[in-house]
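Proteins get letters first, then strands, A, B, ... in listed order; numbering begins at 1 in each. If you're wondering where the values come from, they're calculated on a predicted model, not measured in any experiment.
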Amino acid sequence: MDVVDVLFVIGRVLAVFVLLLVVTILNVWLERKILADMQNRVGPDRAGPWGILQTVADGLKLFFKEQITPRKVEYGLYVLAPFLAVIPAFLMFMVVPFGRPITIGGREVPLQGADLNIGLLFILAMSSIAVYAVVLAGWSSGSKYPLLGGVRATAQAISYEAAMGIAMVSVVMFSATTGPDGTLSLAAIVERQAGTYDMTIPFLQWADFIPRWNLWPQFVAFVIFLIAIVAETNRAPFDLVEAEQELVGGFHTEYSGMRFAMYFLAEYVNIFSMSAICATLFLGGWTGPTFDGQIPALFSALLPFVWFLIKTYAIIFLFFWIRATLPRMRYDQLMQLGWKRLIPGALIWLMVSTVVIAFRQFGPPWS
Amino acid sequence: MGVLSEFFKGLRVTGRVLVDTVTGDGLVTTKYPEEFRQKPQRFHGRHVLNRYPDGMEKCIGCELCAGACPARCIYVRGADNPPDEPVAPGERFGYVYEINMLRCIFCGLCVEACPTEAITMSSLFEMSTWNREDAIYTKDELLMRPDGSVPHMFPDDPLARHKELETADGWLRATAPSGVAAYEGVQGWQGTPGRANWDPEPDQEARDA
């Protein structure tokens, strides 16, 4: 660990930070554009080519707006809450590998903020802390609607985090069977999904292009995880926390200017992070054909990043598509889906995959 | 699994609309300042005071329009024509003619009430102003120019589009001093001021395009 290593770490962290900011700017614009297209509209097209700078303009506007602080707020928590939303959102992405490790000057640089061996636990911890931002914002605003939004956020996040965690457990268990040991490191989980299935059954040999993603053996976990992350990021149809029609703006009603922009930023960073985690766990992350030796080395190094972005954006597009399609759920429906469908479903799937894994490793119990 | 099939049905609807919009078929909104929707042929836009072919004003100051107006937004004061250079044929002319566009409901009853067809409606609809006084159109803005075009409320405004005012109404131009004097009185297809570029109907000819 010398100076160069430290510089590389700082560079990686900065790269992740800039990547998240840029994709957030693009995602806000992309969401408005896709929603517009799904509603026969044009969408933002004034700022820059195709309106791509719309988010920059909005951000500048929010930056120069007055930050109104209502009289009844709990000042300390009120100021702290937006930071509690932004910081975990950025930290969550730090453990996600977004490219194949590259070698610069004899040093191997993993394209990842930090390769924690408890990566998945870290993600769950960060997404739990992000709930505090909403709850504290609702409580410290000293107003009814944010409080209702905060209370809803608590219940919603807790119930869906359970389903998300259980879905993660079955993925971790499955990826333990494809490698030497069990791991929570996202880098290891991605590397174990590399390559394609080698079909031994004769009449299925044409299908040998199918990648060894966790998606196929863990499809049920994928669906549960997908629903859970939509709820976890408070997106439609689970956006009861900020239901505009009932709660004005929900937990961020009393926030304005840059403090509101931080919640906005956190929401979109969370969407990208969660989609990236979903792509990492189920769609093989950055793995994909890199054509080593056939094309220049620079392209081979960049291609994994491109695969990662394509997979992530496929899920983000699904987010937007669902938002354009589904109406907001009622609160009791939300709770019913969480506790009566997703968590039992995830538990049953966990048992099923446990039994299958044990069967494949140890053989039938009667033998 | 009724819920799931409904879910995918919904996704299919939005997905189809997305494809339609991207390929350009389904788009229902237009980029307004650049693109215009076609307005109906009998669109009730802002009013225009017309002239006879010899340059005389058609308005005779009878105040029938003001009487017909349900919103009471028209103020007319007639005056006797100066004998040496008359403004309108006959005894009287519209000395003051004001329409408050903030009160006007664009019903067109003034047009029906007018005995000399002095007041008609154009297809112009962009009438926003910075203050209430500017919304009161006086004779300076209402009366058509001798060439049949319509004056602009704010000629110096950088956003003023003078080009659309040049397309004078076919009826106005036929009766304007510089217009088609041999107007045959056939109600054919007529262009109007304002961007309402309708093609002629199948059995009409573009006589006054």
When rounded to the nearest 0.5 Å, the distance separating CG of Asp37(A) from OG1 of Thr14(B) is 12.0 Å
Between the CD atom in Gln39(A) and the CG atom in Leu27(B), the distance rounded to the nearest 0.5 Å is 12.5 Å
Hey, is CZ on Arg72(B) packed in by over 12 heavy atoms from elsewhere, all under 6.0 Å? no
Partner of Met38(A) under side-chain contact (heavy atoms from CB on, under 4.5 Å), picked from Leu18(B), Val13(B), Val19(B), Thr21(B), is Leu18(B)
### Task
Assess whether atom OH of Tyr95(B) is packed by more than 12 heavy atoms of other residues, nucleotides or ligands within 6.0 Å.
no
A quick test of your reading: do over 12 heavy atoms of other residues, nucleotides or ligands sit less than 6.0 Å from CZ of Phe219(A)? no
Most contact-rich option vs chain A, by heavy-atom pairs under 4.5 angstrom, among Val28(B), Thr29(B), Leu11(B), is Leu11(B)
When rounded to the nearest 0.5 Å, the distance separating CD of Glu6(B) from OG1 of Thr325(A) is 12.5 Å
Turns out that what part of Phe320(A) lies under 4.5 Å from chain B's heavy atoms comes down to neither
